Amino acid sequence: IHGLLRTGSMPFGGSYEIRNYHMEMTAPDPAPTFFERVKEMLGMDDDEDKCDIHFPDAPGGAIFHGDDEESDDAQIQKLRNMLVQKLSNAFGLIICLDASILNPDMDTNQQKKVALNFAKWLPGLLSEVIEKQGTNDTGRLNIQEVCFVMTKADLWAAQNGHGELAENTVKNRNAYDHAIDILGKSFFTGIRQFFDDNTEFHFFMSSVFGFHQGGLQTKFFEEMDEDEVIGLDDWVPFNVIEPFLTAVEAMPPHTYVTTKTKR
């Protein structure tokens with residue numbers, strides 16, 4: 001993080017093999033009783049809510065076969081098998097889309113390829129997960145929370161001429177509409193059939209870089225001088241943690257999210 005703040009360079013190198021990142025979130029009781037506090041001091045407290053979050057990364061960031069040369073068949077198949085295993089026991093699912101693909105200079109054929117790849121790849125994966133997880137009352141996925149996260153929302157705002165008003169533009173953008181514009185409404189109508197009626201779909205605009213005084217965090221868009229430093233208080237990512245919390249049914253207040261249910 002220190003290197004990122006000083007230079008604007010991400011600390012992670014390219015992925016030449018599949019990496020499975022794992023985070024554990026815990027949520028202690030906000031108002032423990034006297035006896036619960038005693039148990040905690042004695043190391044006997046086992047009531048703390050815990051959540052395991054897994055997210056894989058593959059060469060080029062690809063999780064399905066595309067047209068780029070970085071997608072290796074063996075690696076992609078290995079990743080697919082891993083995803084099936086993880087999703088068969090999952091409560092929530094987060095899917096990321098590149099928000100900046102919607103820009104005036106984008107080749108529409110490239111956008112169509114992205115939508116086509118999702119439409120070809122995701123339904124087949126979800127079918128495999130249903131087979132892996134075994135039967136339940138509905139014959140559908142056990143997943144109860146699905147989050148579509150539109151990443152690089154700040155770049156989308158910049159590419160569409162909203163540099164100085166980037167933050168308000170992103171906050172006012174309906175994330176569901178953004179996802180529809182990328183993948184098409186029929187895509188969501190189709191995958192909805194894999195989930196129970198009470199499964200919630202959430203849509204987020206998100207930016208790792210965040211914003212500065214309502215505009216772009218321009219210092220992250222290009223290499224900074226070595227003597228230039230960004231303070232931690234000046235770096236506030238937008239809607240980055242919220243999807244993780246929402247995926248485990250712990251949505252914080254004042255979250256910029258569009259929620260869709262089948263009910």
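What you are looking at is a predicted structure, and each value in this text was computed from that prediction instead of being measured.
Following chains of ILVMFWY side-chain contacts shorter than 4.5 Å, one cannot reach Val170 starting from Leu165, and the two form parts of different hydrophobic clusters. One hydrophobic cluster, built from ILVMFWY side chains closer than 4.5 Å, cannot hold both Val240 and Val236; they sit in different ones.
A 4.5 Å side-chain heavy-atom check between Glu128 and Arg80 finds at least one atom pair inside the cut-off. Met251 is listed as a side-chain neighbour of Val257, based on a closest heavy-atom distance under 4.5 Å.
Heavy atoms only, all atoms of each residue included: Phe91 and Ala247 are closest at CD2-O, 3.5 Å. Between Cys147 and Pro243, the shortest heavy-atom distance links the atoms SG-O, 3.7 Å. Nearest approach of Ala153 to Met205, heavy atoms of both residues: CB-CE, 4.0 Å.
Aromatic ring pairs are classed by plane angle as parallel below 30°, tilted from 30° to 60° and perpendicular above 60°; the pair Phe55 and Tyr21 is parallel. Note on ring orientation: taking the six-membered ring where Trp is involved, the planes of Phe148 and Phe203 are parallel (angle under 30°, cut-offs 30° and 60°).
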Begin with the C-alpha distance, continue with both residues' side-chain angles, and end with the deciding distance and a verdict on side-chain contact (heavy atoms from CB on, under 4.5 Å) for His54 and Met82.
CA-CA 10 Å; His54 297 267; Met82 179 191 300; over 6 Å; no

Practice item. Could you please spell out the steps behind the side-chain contact (heavy atoms from CB on, under 4.5 Å) verdict for Leu216 and Phe209? Key: CA-CA 8 Å; Leu216 299 171; Phe209 292 163; over 6 Å; no

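Ion pairing between Arg140 and Asp196 fails under the 4.0 Å rule for side-chain N and carboxylate O. A salt bridge links Glu167 with Lys171; the closest basic N to acidic carboxylate O contact falls under 4.0 Å.
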